[in-house]
Amino acid sequence: MDLESLVAFAASNGASDLHLESALPAALRVRGTLRTTGEALPPKLLLEFARRVIGEDQWPHFLERRSWDLSRTIHGVRCRINVLQTSRGIGFAIRLLSAFQATVEKLNLHPDLKKLVSHSHGLILVSGPTGSGKSSTLAALIQEINLTDCRHIVTIESPIEYMFRPRKSYIRQREVGRDTPSFEQALLDALREDPDVLMVGEMRDPETMRLTLGASETGHLVLATVHSSTCAEALQRVVSAFPAEIQSSVAAQVADSLVAVVTQRLRFRQDLNMRIPECEILMATHAVKNFIRNRDFFKIASPLETGAEHGMWSFQRYRTWLDSRTNWSLPGQTPEPPESEPEEAAPSPAVLPAFPLSGKPEKKPSPTIATSDSRPSGRIEIEPVEGEFGKILKRPGEQ
């Protein structure tokens, strides 16, 4: 048993997520439902998986932090991986990303979303609960720009999930921890890199939010994600992340820069045998901006319900549109467009030292990971840009 075979099994069963935990069987999330399969996984086996995927160079950082985020292409499937220490030993949370290049059409999103990226500056927020497809929608909007406009796009992600092949646009992708030490540093750098479009993978803290809002006010189109269940909640979450004494000025800043908020959730369609995104779309009209500026977020529901002529969609009206829709993009229905063709071999990037997690000097002796017991127990494809982890799984089966 190896990690590749587990990912292949998950992909063949249509799973969106694969969970591995010491002394527990593997768990698959299929159509939103979690189910276990197989026998319990030995802690020693998962420890070996973790060392190979993370790599010996980064292993001391994992031992210090006790968690690690990365992305890999495993068995032809792009995966977002979180490796974590638990009470039982080592655990994996693996998100299996779509095998195709995300576009508005392929994700079965409303074509109105394409209009959002026609703006030259401002802030577009994509929100929703965990696992609702925010990253895929964000990738579809970036791909729409890439296919239709000549712009300089800089993405800041942790980790990189979708690899873009530049078409009309010039795209740079930076991974936090590998290419830049933090979201904050990457945003400061980006303002000196002549970008037209900035994509921030996730606004996690007030400093990242402050820099993101600042970038949206300085002539850049900024796309970012935030966790929330409605558009009003997404805006309130951004403003309330700041100290109370400056929330009024932050609310004014959000109101001035906002283009739109897209909140989405996934609903399983029995007739299509797949999950379809349902969206709530809030456009930044004058009325909406006044509510944001006055922090009357509870009043946003009214213009959202009545703002169809401005391109707004409530969840209920969007569901009605989905129920009347007849043309669907199904997985494997059409061949991949040219942007998904294999890329030409790129020269290996120079290996730079990893960014330390703290200012302390690195200690050579590394602590060991505790496991609940010591029971004993092809090929991972690495994207060309993953030069930092070139040693991963060079010798499969090595103890």
Side-chain angles (χ1 to χ4, degrees), residues 2-4 6-8 10-11 15-20 29 46 49-59 61-62 65 67-84 90-102 126 130-140 142-143 146 153-166 171-183 186 199-202 204 223-225 339-340 342-343 346 348-349 351-352 354-355 357 379-394:
D2 56 20
L3 190 58
E4 184 181 43
L6 289 169
V7 171
S16 61
D17 297 85
L18 169 64
H19 296 279
L20 308 177
R29 187 175 296 278
L46 292 184
F49 288 173
R51 291 190 77 106
R52 290 176 180 174
V53 169
I54 294 174
E56 294 300 326
D57 291 343
Q58 303 299 330
W59 188 249
H61 298 317
F62 169 75
R65 182 177 170 179
S67 68
W68 198 257
D69 291 315
L70 59 141
S71 57
R72 290 285 181 275
T73 299
I74 305 176
H75 196 73
V77 180
R78 187 74 179 172
C79 299
R80 185 184 70 198
I81 305 172
N82 177 260
V83 188
L84 65 153
I90 294 292
F92 284 75
I94 304 175
R95 169 65 54 83
L96 280 67
L97 303 174
S98 301
F100 56 84
Q101 178 66 62
V126 178
T130 301
S132 60
K134 298 186 297 295
S135 298
S136 298
T137 298
L138 212 57
I142 293 295
Q143 185 67 358
N146 185 30
I153 303 172
V154 177
T155 75
I156 308 167
E157 306 168 71
S158 176
I160 291 173
E161 299 184 21
Y162 289 91
M163 300 298 298
F164 295 102
R165 184 178 182 185
I171 303 179
R172 287 187 168 114
Q173 293 183 262
R174 305 189 73 192
E175 184 169 302
V176 174
R178 186 195 68 189
D179 308 319
T180 180
S182 64
F183 278 100
M199 192 266 270
V200 183
E202 186 176 351
R204 298 177 178 175
L223 295 85
T225 68
E339 65 266 19
S340 296
E343 297 186 18
S348 299
V351 178
L352 299 177
F355 292 102
L357 295 172
R379 174 170 64 108
I380 292 186
E381 299 176 359
I382 309 298
E383 292 286 348
V385 295
E386 305 289 348
E388 183 65 26
F389 302 98
K391 298 192 294 183
I392 299 173
L393 292 187
K394 263 189 176 176

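In this pair, F92 and F49 present their aromatic rings perpendicular. The plane angle is above 60°, beyond the 30 to 60° band.
The two residues D57 and H61 come nearest to each other via the heavy atoms O-CD2, 4.4 Å. A pairwise comparison of heavy atoms in F62 and V83 identifies CE1-O, 3.6 Å as the closest pair. When every heavy atom of L84 is checked against every heavy atom of A93, the shortest pair comes out as CD2-N, 4.3 Å. When all heavy atoms of S136 and Y162 are compared, the closest pair comes out as OG-OH, 2.6 Å. The two residues H75 and A8 make their nearest non-hydrogen contact at CD2-CB, 3.3 Å. The minimum heavy-atom distance between P159 and D69, with the atom names listed, is CD-CB, 4.2 Å.
For T225, the side chain to side chain contact (heavy atoms under 4.5 Å, CB included) criterion is met by V126, K134, L138, E202, not counting sequence neighbours. The side chain to side chain contact (heavy atoms under 4.5 Å, CB included) search around R95 returns D17, R80, L97, not counting sequence neighbours. Applying the side chain to side chain contact (heavy atoms under 4.5 Å, CB included) test to A224 and every residue at least two apart in sequence or in another chain returns L125, V200, M203, T212.
R174 and E157 are not joined by a salt bridge, as no carboxylate oxygen comes within less than 4.0 angstrom of a charged side-chain nitrogen.
Remark: L6 CG to H19 NE2 distance equals 13.5 Å, nearest 0.5 Å. Note: I94 CD1 to R29 CZ = 14.0 Å, rounded to the nearest 0.5 Å. I156 contributes atom CD1, which lies 11.0 Å from atom CG of D179 (distance to the nearest 0.5 angstrom). Rounded to the nearest 0.5 angstrom, I81 CD1 and I74 CD1 are separated by 4.0 Å. One finds the CD atom of E161 at 11.0 Å from the SG atom of C79 (value rounded to the nearest 0.5 Å). Note that CD1 of I54 is 7.5 Å distant from CH2 of W68, once rounded to the nearest 0.5 Å.
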Practice problem: Go through R178 and V176 one step at a time and tell me if the side chain to side chain contact (heavy atoms under 4.5 Å, CB included) criterion holds. | Solution: CA-CA 6 Å; R178 186 195 68 189; V176 174; over 6 Å; no
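Of the possible polar contacts, none joining the T73 side chain to the R78 backbone as a donor-acceptor pair under 3.5 Å is found.
Side chains of P166 and I171 form a contact here, defined as non-hydrogen atoms less than 4.5 Å apart.
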